[in-house]
Each structure stands twice: as structure tokens, then as C-alpha cells.
There are 2 protein chains.
Amino acid sequence: MARGSETRKRILDVAQDSVLAKGFDATSIEEIVASAEITKSGFFYHFRDKNALARALIERHIEVEDELFDDLLGRARELSDDPLQAALIGMKLLAELIEDMPGGHPGCIVATAVYQDRLFDRDVHEANRRAVLGWRRRFRAMFDEIAQAYPIHDEVDLDHLSDMVSSVIEGGIVMSRAIGEPRITAQQVMLLRSYIKMLFAPRIQ
Amino acid sequence: MARGSETRKRILDVAQDSVLAKGFDATSIEEIVASAEITKSGFFYHFRDKNALARALIERHIEVEDELFDDLLGRARELSDDPLQAALIGMKLLAELIEDMPGGHPGCIVATAVYQDRLFDRDVHEANRRAVLGWRRRFRAMFDEIAQAYPIHDEVDLDHLSDMVSSVIEGGIVMSRAIGEPRITAQQVMLLRSYIKMLFAPRIQ
DNA sequence: CGAAAAACCCCACCGCAGGTACAGTACCAA
DNA sequence: TTGGTACTGTACCTGCGGTGGGGTTTTTCG
């Protein structure tokens, strides 16, 4: 890796840690600069302003999360040919993954941007929007496949259902941080799993 | 109302509008004092610092929201003697209420505090915690009543289920703000309603 | 090898926001 | 009339985001 992009990565790394731990506004540039062992000028060489940093963080976060979901749902599909079973396995794996994170899910950068509206410019919000819509597409494809193989037991819009995956995770993060119980997010994912199961699974007896 | 508490209320009113519209950190004290038509000294007479303002906002928010839920669930119970039916009606009313809010749900102050950790002191987080645990108690009572009258069709912890009500609302707010679709929160509440229905309602045919 | 471009460092400075300190004042109640 | 409550006014300090400009090292490429 070239010297420049190495420094840039180091800035993003220390910024991400700090942002997830304390929030974006509580993370000062001077603090980032100190941790990354560069100067203020060095920082502003790589990022025009704090907004540019936020945008870069969000974009990187989306990539990582996309890979994570790809891997997770891919593994789930390997474990079962059935789309419903694969989804249920995927949600279980997701819950376990969240549960295993030290101190619960570290908190979603997307939500951080949402709750600090005026701090960010239009580009940041656009990146945010694309991320969430990407999740909708991903889960919509999953539910479409299930709906082709199984009857649905309640009148439910599949786009709304797809949004529910992200929604439950985001809500779970808020709740777990508010109460200080890290396990809540994983519990909420398991409840969503229960819903998916009841919504599609053939009723026994 | 005494002169002092009248000014205090005016400060809280303008602060709340601004916080819900732009976030807490983007709301400056100078802006608040201008809107409330007092001086900076006047502000600091009523609140020691921005933390005290946050705490007061959260506490007032909890009271208002509690009254709102009381009213809503009370009306639902008047419409049906059956606990499950009452809950389903209540969730429908809740979805309608959120839908009717201009520009969607204005955004929960609790989540605002969660995503700006270091900006607030322990008192604020404690107030936050109490609010969320209060919601859990409220919905737990509702689900207990339902569980006494109906069988439950999946192994589900009722505390987790109670948390899901708040979780879905908080998550819905994040999602709706991220995408810019105000209706998402109401849609998510309706999906939760669908889950509750499938979880408890006797299966016809 | 040499020059240009990239990747920084150093430092002085600005504006804004939160917050402090403290003296003075208007009003109301006992 | 006295004393508390509810402020106003002014001055000042700090930290942070951000700018400007000059200087230095490192890499790249002809």
C-alpha cells in the first residue's frame, strides 16, 4: 500500500474507534490527529473537513457490512437448500455474531449520522440513504425467494418486511445502549426470526 | 403559573423544537436564548449547563409519552374487552398516530441521547434508562394479560417481546430519517402488530 | 540523476460555542 | 423595608473546527 493511503487508513481506523465509542461530535480532530500520529495539517491534507471524514467512514462501513452480510447469508445458504431454512439459519448466525461482539453491537454509524442531522452535509446523508436502500434490496431478494416457495400467512408488504431487518437491528442497538444491556440487539433479531418463521413456515398439526 | 417556571417552560419548548429538528449538539444555547427572548445569564440561571437542559427535556418527554400511551391503550381497552384485541387496536391507533405526525415521528429524544454518549452525564443516561425500562414494564403487563387468555405459538420471552415495541419504534425512526420516508415507522408498527396477532391469535381452519 | 509532484510538518490565527464570574436591577411577598 | 427570586449586562476563558502559508521530506517518473 502506498504511503498516502496507509496514513488515510490509519486516520479512518482511529476515527472509527472513537466515533463508535463516543459519537461523532465528541470525537475531535485533534484527538484523531494525536492517535494517528500525524499533524492537523496532515489530516486536512487527506480530508477537506469533518464532513469528508464522516462520508469516508460511512462508505467504508457500508462495504464492510455488505461483505459481512454476503458471508453470513452465503454460509447460511450452504447449510440449507431451502430458502426459508437458509434465512432462519442466517438470522441465527446474525444474532450470534452480534452477541459475540464485545460489549454488544458497537453501534451503527448510519444511525449516528441520522441523529446528528445538521452536522453533516447532503453527501453524507446521500451515502446513508444508499446504504439503507441497499439493505432493503438485499433482504427483499431473500424474502422474494421464500415467498415463491411458501405461502404467506398474513398480508404483508415484502419491502416493509425487508426494512424490518434493518429496523430491528437499529432499534435493538438504541435499546441496548439506553438500558446498558448488550444482549438486547441479539434478542430482538431472534424475535424477528420467530416472526419470519411463523409468517412463512407451514403450520404443523 | 409563577413567572420563573413560565420562563423555564418557554426555554424547554423552544429547545425541544430545535433539538427534534436538528439534534441536540446542533442546537446552540445562544439560539435558544434568542428564541425564548431571554439572555444567556437567564438561561444559566435556570439550567447549570447544557446537560441539565437535556435531563429536563428527557424527563418531560417521558411524562408526555407516558400520558400518550396511557390514553392510547386506555381507549383501545374501551373498544374491546379482550386483551389481545385491545392490544391489536392499540397498535393500530399507535401506527395512525405516528402516521398523522407531520413529517413522520419527530424523532425520539431518548435515541438522541444514546447517540451522543459523551455529551451527557450520568444523570441523563439514568433518566434515559428509567424511561426505557418503564416502557418495558408497561408492555410486559399488556402481554402478560394476553398470555393468560391465549396460547403462545412460539417460545418467546415476554420481556424481549415488550422491548420489541420500543425497539421497532426506535428502529423505524432511524430508518425513516435515513431514507427520508416518514411512513416507515408506522409500517414497522403494523408489522409488529402482525407478529403479535400470529403469535397469540387462535389459528382458524 | 534531477525535477516535479505527493505527502506531509510547523505555526499563527480566526470565529463560534459552551461556560464562568460577578455586579447590578426589577419585582414580589412577608 | 427587607430579602429572596428572577433575571440583565459585560467581560472573559477554553476548546474545537477550520484557514493560510511557508517549509521539508519522500516518492515517482522521465
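By convention in this document, chain letters (A, B, ...) are assigned in the order of the sequence lines, proteins followed by strands, and residues within each chain are numbered from 1. Owing to the predicted nature of the structure, the values given are computational and were not obtained by experimental measurement.
- Proximity note for Lys50(A) (side chain, C-beta onward) versus dT8(D), dG17(D), dG19(C): the nearest is dG17(D).
- For dC8(C), its base never sits under 3.5 Å from the side chain of Ser41(A) at any donor and acceptor pair.
- Phosphate contact (OP1/OP2 of dA7(C), side-chain N/O of Tyr45(A), threshold under 4.0 Å): present.
- Between Glu30(B) atom CD and dG18(C) atom C1' the separation is 8 Å, expressed in whole Å.
- You'll find the side chain of Leu161(B) reaches within 4.5 Å of the side chain of Ile196(B), heavy atoms only.
- No side-chain donor-acceptor contact under 3.5 Å links Asp154(A) and Tyr195(A).
- Taking atom CG of residue Asp25(B) and atom P of nucleotide dG15(D), one finds them 20 Å apart after rounding to whole Å.
- Minimum heavy-atom separation, Leu73(B) to Arg138(B): CD1-NE, 4.0 Å.
- Judged by distance alone with a 3.5 Å cut-off, no donor-acceptor contact links the side chain of Thr39(B) to the base of dG9(D).
- Counting any heavy atom pair closer than 4.0 Å across all strands shown, Ser28(B) reaches sugar-phosphate atoms only and no base atom.
- Nucleic acid contact class of Gly42(A) (heavy atoms, under 4.0 Å, all strands): sugar-phosphate only.
- Nearest nucleotide to the side chain of Phe44(A), out of dG18(C), dG18(D), dG19(C): dG18(D).
- Applying the 4.0 Å criterion to OP1 and OP2 of dC8(C), one finds that His46(A) has a side-chain N or O inside that range.
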Could you give the side-chain donor-acceptor pairs of residues 35-45 of chain A under 3.5 Å, partners two or more places apart or in another chain?
unit_1   : atom_1 : unit_2   : atom_2 : d
Ser35(A) : OG     : Glu31(A) : O      : 3.2
Thr39(A) : OG1    : Gly42(A) : N      : 3.3
Lys40(A) : NZ     : Glu30(A) : OE2    : 3.2

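- Taking 4.0 angstrom as the limit, Thr7(B) places none of its side-chain polar atoms (N or O) nearer than this to OP1 or OP2 of dA6(D).
- Nearer to the 5' terminus of DNA chain C, by closest-nucleotide assignment, is the contact made by Glu37(A) (compared with the other of Glu37(A) and Phe43(B)).
- Picking from dT20(C), dG17(D), dC7(D) the nucleotide with the shortest atom distance to the side chain of Lys40(A) gives dG17(D).
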